[in-house]
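Proteins come first, then strands; the chains are lettered A, B, ... in the order of their sequence lines, and each starts at number 1.
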Amino acid sequence: MTQKFKTSITRRHFGALLGAGAATLAMPAYLRAQGRPRVVVVGGGPGGATAARYIAKDSNGEIDVTLIDANETFTTCFFSNLYLGDFQSFDDITHNWDQLVANHGITKITAYATGVDRAAKTVTLDNGDTVEYDRLVLSPGIDIVYDSVPGYSEEVSEIAPHAWRAGRQTQILKEKLDALEDGQHIVMVAPPNPYRCPPGPYERVSMFAHVLKRKGFENSRIYVIDPKEAFSKQALFEEGWARHYPGMVEWYGPDIHGGILNVDAKAGIVETDFDTFEGALLNIIPAQRAGAIAHEAGLTNEAGWVPIDPYTMRSQEDEEVYVLGDATVAGDMPKSGFSANSQAKVAAMNIRGDLTDANVFPARYANTCWSLIETDDGVKVGAQYQPTDEKIESVSSFISQTGESDELRKETYEESLGWYDGIIEDMFS
Amino acid sequence: MPRLRFNVAIMAIVLPALAAGIPAAVAAEDATEIEVIVESILAIDGDPAFGEYLGGECATCHRRSAPAEGIPQISGIDPQHFVHAMVEYREGIRTNEVMRTTAARLSDEEIAALAAHFTDRAAR
């Protein structure tokens, strides 16, 4: 993941940003010319909502903040597996931006942002409007690369859902899961690295198994066809599957299946070099890339992700555009809602430093990913990070251990519930 | 340090330690050392503005408005209690891995800044 540092922002500029120097140079121009400086945030998820909230809240009205999102509500991808497992309702994981508008004076525009003119510093919307910015935050999440799986397409995803962007796709998957009968199988095609939420596919397998087990199904199987040779929290998931769902989950790495040849959603089959897997439910999770507007803005690399400056979350192509979350190449940080929320606070601080006389402190980042394997059996992985010239680098990390007590696993699950309430308040209140 | 206050302070560590499932012998052995660190941090005049920035990380999990399941509220927390807890996480006495990893990178000045920030502010 190491990448060449390429940017118009010089090392000297970084040094200045740590003090008030750059901020005071930048401030008078905006205040003289335009009144309040304008920040436009595209994407209202954990990156965008957090950035909008912290910029508006901490600038006490000095900065005009506009949040653009195509939807009226936001369903979190994190905890969407717990909806599949009946631990959360769809309403529990669906939120809106009303409090950001009411409490912090943020303007919410409900429209799809189609493009960015970085020279004119405007964002174009699908309703034909343009919105001007002094600083732009892009937090567009992921796009699904449908054709990375032979036979798969956006149209096919209506019957073989990916459900890797929460919303209607998640509901389709839930309906199909609940409609299964004993003896019918599930086939999941897991995504290649890098992708949103590294433990997510395997937590989802656990939730599938939880539902089948609770219904007393003894003849259904869950086949996981994985393009990766190893996966996040593998020892923990494999231990949990053997303990709670013996014989139900079969995981196939590339050494065994030899490659995915075709998905035929209507026939309910996934063909591999090794064998053909049949399922009444196909959950196909393809490769991913940064959300479309990052490509439109010309900020992505060859792999389809946005290189950022590890010290600030600025795009390496444009120091007036910050990019957050899953869309970025964030070094050792995984693509997660927690990561995006953490990165948003660093970006918000730097933007306030750019546009007002706010202090800018050295960036630090954190992430924790909790996963639920079975009722009260929660596990977690997490790390602290710091920026270097090369990347955002892990400085210390932890992971749950196999063989932990039931009591500790229950505590870990309860902690994840507390975290969910915490991050939702941190994004939307 | 007055003898009486010292004893009370040790009990203040040992009792929560017992509640947190820490072996009493270990807690008693470490108590003196922990208390020295806690007192030195409490003597620092923490910068609440720096604490507010650092506290952004805490806000991802710790709700400002109310306690959440499995995660305590820290807005408005007593500084003695807060610093004790953070030092015990940093020194590896308390066991929660998220908090251990978080506290491990915090200097005395940063813990003091966080204490100044959180104890300063009512929930909002």
Between B:T101 and A:S397, the two heavy atoms sitting closest are CG2-N, 4.3 Å
Short side-chain to backbone donor-acceptor contact, B:Y53 and A:P362, under 3.5 Å
yes
Tell me the closest heavy-atom pair linking B:S65 and A:E425, and the distance in Å.
OG-OE1, 2.5 Å
Tell me, side chain or backbone of A:N341 under 4.5 Å from chain B's heavy atoms, or both, or neither?
side chain
Modelled atom types, side-chain donor and acceptor of B:N96 and A:E415, under 3.5 Å
yes
Residue part contacting chain B, namely of A:Y420, when any heavy atom lies under 4.5 Å:
neither
With a 4.5 angstrom heavy-atom cut-off, is it the side chain or the backbone of B:A59 that approaches chain A, or both, or neither?
both
Kindly give the heavy-atom pair with the smallest separation between A:D426 and B:R64, and that separation in Å.
OD1-NH1, 3.7 Å
Measure A:S396 against the heavy atoms of chain B and call it side chain, backbone, both or neither at under 4.5 Å.
both
Shortest non-hydrogen separation from A:W370 to B:C61 and the atoms involved:
CH2-SG, 4.1 Å
Can you confirm whether B:E52 sits close enough to A:D58 that some side-chain heavy atom of one is under 4.5 Å from a side-chain heavy atom of the other?
yes
Using a distance-only test with no angle check, is there a side-chain donor-acceptor pair under 3.5 angstrom linking A:Q384 and B:E57?
yes
NE2 of B:H62 to CD1 of A:I423: how many Å apart, nearest 0.5 Å?
13.0 Å
Walk me through whether B:I71 and A:E414 qualify under side chain to side chain contact (heavy atoms under 4.5 Å, CB included).
CA-CA 8 Å; B:I71 296 179; A:E414 286 168 353; over 6 Å; no
Of B:P72, B:A68, B:A104, the largest count of non-hydrogen pairs under 4.5 angstrom with chain A goes to B:A68
So which atom in B:A49 and which in A:F361 form the shortest heavy-atom distance, rounded to 0.1 Å?
O-CE1, 4.0 Å
Contact between A:R364 and B:L106 at the side-chain level, heavy atoms closer than 4.5 Å - yes or no?
yes
Verdict with supporting geometry, A:K380 and B:V98, side chain to side chain contact (heavy atoms under 4.5 Å, CB included)
CA-CA 9 Å; A:K380 59 187 172 182; B:V98 178; 3.7 Å; yes
Under a 3.5 Å distance rule, please check whether B:R105 uses its side chain to pair with a backbone N or O of A:Y385 as donor and acceptor.
yes
